[in-house]
K.L.:
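Please find one structure pasted underneath; my questions will follow.
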Number of protein chains: 2
Amino acid sequence: MRGNLFAVGVDLVVLTVRDDELCVLLVRRTEKPFEDTWGLPGGFVAPDEDLPDTAARELAAQTGAGTAGRVSGHLEQIAGYAAPDRDPRGRVLSVAFLALLPDMPDPDQPDVVSGWHPVADVTDLAFDHAQILADGVERARETLEYTTLAAAFCPPEFTVTDLRRVYEAVWRTEIDPRNFSRKVTSTPGFLVPTNRHVTGGPGRPAQLFRRGPATRLHPAMLREPAVRVG
Amino acid sequence: MRGNLFAVGVDLVVLTVRDDELCVLLVRRTEKPFEDTWGLPGGFVAPDEDLPDTAARELAAQTGAGTAGRVSGHLEQIAGYAAPDRDPRGRVLSVAFLALLPDMPDPDQPDVVSGWHPVADVTDLAFDHAQILADGVERARETLEYTTLAAAFCPPEFTVTDLRRVYEAVWRTEIDPRNFSRKVTSTPGFLVPTNRHVTGGPGRPAQLFRRGPATRLHPAMLREPAVRVG
DNA sequence: CGAAATTCTCGTCAGGCTGACACTACCGCG
DNA sequence: CGCGGTAGTGTCAGCCTGACGAGAATTTCG
């Protein structure tokens with residue numbers, strides 16, 4: 001065993017969709033380095049703790065107890081980051097995790113040191129967190145193409161339109177509501193219909209659905225490939 | 001900074017296709033723990049080294065100098081592994097990388113302590129390397145669906161049949177040669193035709209191609225979803 | 001109350017892509 | 001030369017998607 005040792009932390013890219021915008025949970029740093037700048041929430045791995053345990057513990061601590069154990073929501077590893085100069089304090093390896101959560105009402109006493117920020121507006125994060133955030137967002141975009149995980153952004157019961165708005169916010173595109181509805185309702189195991197409908201809003205009431213057992217989307221729902229300009 | 005420090009290593013899942021079989025590079029361990037069992041090649045991260053540097057260095061050391069710098073071939077991170085008991089010597093975090101290489105002739109003096117093993121035959125690896133290998137193979141299978149990286153398994157010039165055999169070996173399926181040819185030759189930027197043909201074998205000579213600039217395959221070449229039995 | 005606006009849902013249709021497969025082109029071999 | 005074998009083209013039906021049209025069910029407004 002070499003003497004070249006690392007501190008190991010976990011950083012979280014916690015995403016949600018609120019007001020039709022993809023948002024990320026950021027914390028205001030109160031310590032050096034990068035004091036008074038925004039960064040991803042995270043913490044160090046405790047003795048006898050595995051990486052997913054650390055991620056779940058930090059997620060619960062940052063978003064409210066019990067959140068990590070919700071039926072909805074999702075947590076997966078993105079990658080490890082260990083550039084020699086990424087932390088001025090010394091060699092720190094960070095394993096980033098991606099968490100997808102339904103939009104939740106703000107706590108009664110808003111926390112001034114952490115909050116949701118539209119991903120499109122984020123600039124100047126601490127450490128290499130801008131890169132980690134970019135990787136996490138790209139992972140989320142790809143995940144929506146091939147899996148049913150968009151429902152992780154939704155509360156336990158939701159409408160087809162709720163689900164469509166998730167795709168539109170994450171991909172920053174518009175999707176035809178009729179074709180989208182046909183796709184998701186005809187995929188076996190994606191949506192389980194309840195027979196209740198939402199009321200109150202304008203227009204015809206929409207049916208409420210629950211997440212089904214399917215995890216993979218087949219065939220995939222492919223975004224248009226990025227258009228090559230010029 | 002906490003006192004809970006980790007040794008950090010890089011493990012490699014080096015895959016190639018030889019004799020129509022997906023093979024992985026394994027090394028025979030000569031030290032404890034897991035002495036005299038097979039494991040993935042790897043090593044510790046050196047001071048001032050980033051993870052991809054370590055992976056490239058180890059890959060070059062294990063497969064012959066200069067290999068890591070080939071035009072063909074591919075190296076990407078899989079994930080970090082840090083279960084508390086994964087190494088009996090203490091806390092070791094390992095970042096796994098996936099390398100895809102073209103099949104190369106064996107060195108003149110075969111190395112008895114490292115060699116290619118069909119993935120289907122591998123059992124009982126050291127540490128948690130069986131899990132890492134499984135994750136790497138699954139990543140490779142998915143990558144072939146959505147990208148043009150199958151060509152990383154091929155030498156600089158190859159035929160459509162060579163490429164099809166890569167897909168068949170990695171996915172363990174059979175693909176219709178005519179439909180496969182239509183798909184890959186009609187994808188812009190995947191294959192660049194040379195006007196030379198292979199000679200010598202039976203049958204009509206096949207045209208030789210080079211890798212094109214395309215990286216994404218759109219639409220994807222989707223495997224059949226796993227059939228639910230029962 | 002009635003009309004307009006809004007939203008959800010089902011239908012239709014053309015075009016693209018895929019799987020299945022007939023058929024032709026070109027090689028080595030006996 | 002005929003034959004088996006491999007490479008590549010052509011065809012066709014079926015599925016899926018994008019682009020709508022149109023009806024259903026509710027709220028909002030005059």
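Chain letters run A, B, ... following the sequence lines, proteins first and then strands; every chain starts at 1. All values below come from the heavy atoms of this structure, side chains included, with hydrogens, waters and symmetry mates left out.
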K.L.:
Establish, from distance only, whether the side-chain atoms of A:Y81 and A:D135 form a donor-acceptor pair under 3.5 Å.
P.N.:
yes

K.L.:
Would you mind reading off the distance between A:M221 atom CE and D:dT17 atom P, rounded to a whole angstrom?
P.N.:
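For the pair A:M221 CE and D:dT17 P, the rounded distance is 8 Å.
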
K.L.:
Between B:N179 and B:A206, which is nearer to the 5' end of DNA chain D once each is assigned its nearest nucleotide?
P.N.:
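The 5'-side residue here is B:A206.
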
K.L.:
If only atom types and distance count, is the side chain of A:T147 paired as donor or acceptor with the main-chain N or O of A:L144 below 3.5 Å?
P.N.:
no

K.L.:
What is the distance, rounded to the nearest whole Å, between atom CZ of A:F180 and atom P of C:dT9?
P.N.:
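Rounded to whole Å, this separation is 12 Å.
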
K.L.:
Counting side-chain heavy atoms from C-beta on, which of C:dT7, C:dC8, D:dG5 comes nearest to A:R164?
P.N.:
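Looking only at side-chain atoms, A:R164 lies closest to C:dC8.
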
K.L.:
Checking B:R164 side chain against B:R178 main chain: does a donor-acceptor pair fall under 3.5 Å?
P.N.:
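No, because the side chain of B:R164 does not come within donor-acceptor range (under 3.5 Å) of the backbone of B:R178.
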
K.L.:
In whole angstroms, how far is the C1' atom of D:dA7 from the CG atom of B:L208?
P.N.:
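B:L208 atom CG is separated from D:dA7 atom C1' by 13 Å.
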
K.L.:
Please tell me which of the listed nucleotides, C:dC8, C:dG19, D:dT6, lies nearest to the side chain of A:T161?
P.N.:
C:dC8

K.L.:
Provide, to the nearest angstrom, the distance between the CG atom belonging to B:N195 and the P atom belonging to D:dG8.
P.N.:
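Roughly 12 Å, once rounded to whole Å.
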
K.L.:
Within less than 4.0 Å of OP1 or OP2 of D:dC16, is there a side-chain N or O belonging to A:K183?
P.N.:
no

K.L.:
Which class fits the ring pair A:Y167 and A:F180: parallel under 30°, tilted 30 to 60°, perpendicular over 60°?
P.N.:
perpendicular

K.L.:
What's the closest nucleotide to the A:P202 side chain, out of C:dT9, C:dT7, D:dC16?
P.N.:
C:dT7

K.L.:
Out of D:dG18, C:dA20, D:dA22, which has the shortest distance to the side chain of A:R178?
P.N.:
D:dA22

K.L.:
Let me know the distance between NE2 of A:H197 and P of C:dT6, rounded to the nearest Å.
P.N.:
22 Å

K.L.:
Measure from CG on A:L217 to P on D:dC16 and round the result to the nearest Å.
P.N.:
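Result: 12 Å.
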
K.L.:
Closer than 3.5 angstrom, by distance alone: can the side chain of A:T148 be matched with the main-chain N or O of A:F190 as a donor-acceptor pair?
P.N.:
no

K.L.:
Given atom CG of A:D176 and atom P of C:dT9, what is their separation to the nearest angstrom?
P.N.:
14 Å

K.L.:
Looking at A:R182 and D:dG18, is any side-chain donor or acceptor paired with a base atom of the opposite kind under 3.5 Å?
P.N.:
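Yes.
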
K.L.:
Is there a donor and acceptor pair, one atom on the side chain of A:R204 and one on the base of C:dC8, closer than 3.5 Å?
P.N.:
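Such a pair exists between side chain and base.
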
K.L.:
Between C1' on D:dA7 and CG on B:L191, what's the gap in Å once rounded to a whole number?
P.N.:
14 Å

K.L.:
For A:R165 and for B:L222, find the nucleotide of DNA chain C with the closest heavy atom, then tell me which residue's nucleotide is more 5'.
P.N.:
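Of the two residues, A:R165 wins.
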
